[in-house]
Amino acid sequence: MRILVIEDDEAIAELVHLALTDRGHIVTVAPNGLVGLDAVATGQPDLILLDMLMPKLDGWGFATVYRKRPPPHAPVVVMTAAADATRRSEEIRAQGVLPKPFGLDELFAVVDSFDT
């Protein structure tokens, strides 16, 4: 599965990248929503793991621009430490939420739920 991880925290992005690559996924990491949009333009991912609070273009901005692009649209899973994680995912019509901090088991469970 092709997974786009949009996350500005380098440690989290690297952990997710290594863990998912080790499981056979093709993972692209973007440090913000602008770079994420460029990544989508060069190749449609099967799943997007999206942080919400980032510089340059945050998760809300990314989701707004991404949803205006012609389909198909990959499922989006919000990754956030916010107490209202579910509300944030609903705001952008995300298909899932992965509350931070998360362990590898939680990460794998979310990704596996979209791996068809």
Side-chain angles (χ1 to χ4, degrees):
M1 178 165 40
R2 295 175 315 242
I3 302 171
L4 174 58
V5 178
I6 306 175
E7 170 64 63
D8 66 321
D9 184 310
E10 290 181 28
I12 292 172
E14 182 67 15
L15 172 69
V16 171
H17 179 268
L18 289 172
L20 294 178
T21 300
D22 191 50
R23 292 194 67 182
H25 299 289
I26 299 165
V27 181
T28 301
V29 175
N32 60 59
L34 286 176
V35 178
L37 289 171
D38 288 342
V40 168
T42 61
Q44 179 65 30
D46 300 308
L47 178 64
I48 298 172
L49 301 178
L50 178 65
D51 185 22
M52 294 305 289
L53 299 176
M54 298 175 288
K56 297 186 183 175
L57 185 63
D58 62 20
W60 291 274
F62 171 86
T64 298
V65 174
Y66 180 64
R67 298 276 186 227
K68 290 180 181 176
R69 297 174 51 90
H73 295 117
V76 174
V77 173
V78 169
M79 299 187 303
T80 184
D84 58 349
T86 300
R87 184 180 61 79
R88 289 186 182 202
S89 69
E90 291 169 353
E91 286 175 352
I92 65 162
R93 298 187 334 257
Q95 286 72 33
V97 62
L98 182 59
K100 292 179 184 174
F102 54 83
L104 292 180
D105 289 340
E106 291 90 359
L107 172 65
F108 296 152
V110 165
V111 170
D112 290 349
S113 72
F114 293 97
D115 195 4
T116 55

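- Of all heavy-atom pairs spanning Pro45 and Ala74, the tightest one is O-CB, 3.2 Å.
- Asp58 places no side-chain N or O within 3.5 Å of a backbone atom of Leu53 that could act as its donor or acceptor partner.
- No continuous path of ILVMFWY side-chain contacts below 4.5 Å connects Leu47 to Val78, so the two sit in separate hydrophobic clusters.
- Every residue two or more places apart in sequence or in another chain was checked for a side-chain contact (heavy atoms from CB on, under 4.5 Å) with Ser113, and none qualifies.
- Glu14 contributes no side-chain N or O that, together with a main-chain N or O of Ala11, makes up a donor-acceptor pair within less than 3.5 Å.
- In terms of heavy atoms, Pro55 sits closest to Asn32 at O-CB, 3.2 Å.
- Under the side-chain contact (heavy atoms from CB on, under 4.5 Å) test applied with Val16, the options Ile3, Asp9, Leu107 reduce to a single match, Leu107.
- A single hydrophobic cluster is seen to contain both Val27 and Val110, as judged by linkage of ILVMFWY side chains at heavy-atom distances under 4.5 Å, directly or through other members.
- Using a 4.5 Å cut-off on side-chain heavy atoms (C-beta onward), Val65 and Trp60 make no contact.
- Residues passing the salt bridge (Lys or Arg N to Asp or Glu O under 4.0 Å) test with Lys56: none are found, sequence neighbours excluded.
- Rounding to the nearest 0.5 angstrom, the gap separating the CG atom in Asp115 from the CG atom in Asp46 is 8.0 Å.
- In the hydrophobic clustering of this structure, Leu15 groups with Val77; members are Ile, Leu, Val, Met, Phe, Trp, Tyr whose side-chain heavy atoms approach within less than 4.5 Å, directly or through other members.
- Checked against ring-ring contact (aromatic ring centres under 6.0 Å, His included), Tyr66 has the following partners two or more places apart in sequence or in another chain: Phe62, His73.
- Each of Val29 and Leu34 belongs to its own hydrophobic cluster when Ile, Leu, Val, Met, Phe, Trp and Tyr are linked at side-chain heavy-atom distances under 4.5 angstrom.
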Taking distance alone, no hydrogens or angles, what donor-acceptor pairs closer than 3.5 Å link side-chain atoms of residues 93-101 to residues at least two apart or in another chain?
residue	atom	partner	partner atom	Å
Gln95	OE1	Val76	N	2.7
Gln95	NE2	Arg93	O	3.2
Lys100	NZ	Glu7	OE1	2.7
Lys100	NZ	Glu7	OE2	3.4
Lys100	NZ	Asp51	OD1	3.2

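- Every side-chain contact (heavy atoms from CB on, under 4.5 Å) that Pro31 has, sequence neighbours left out, goes to Val35.
- Taking 4.5 Å as the limit, some side-chain heavy atom of Ile92 sits within range of a side-chain heavy atom of Leu50.
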Which pairs would a plain distance check flag for residues 17-26, meaning a side-chain donor or acceptor within less than 3.5 Å of a matching protein atom at least two apart in sequence or in another chain?
residue	atom	partner	partner atom	Å
Thr21	OG1	His17	O	2.7
Arg23	NH2	Asp112	OD2	3.3

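- For the atom pair Met79 CE and Ile48 CD1, the distance stands at 11.0 Å (nearest 0.5 Å).
- Here the closest heavy-atom approach between residue Gly36 and residue Ala30 is recorded as N-CB, 3.5 Å.
- The CG atom of Asp8 lies 11.0 Å from the CD1 atom of Ile6; values are rounded to the nearest 0.5 Å.
- Criterion: ILVMFWY side-chain heavy atoms under 4.5 Å apart, direct or through other members. Under it, Leu57 and Leu49 are not part of a common hydrophobic cluster.
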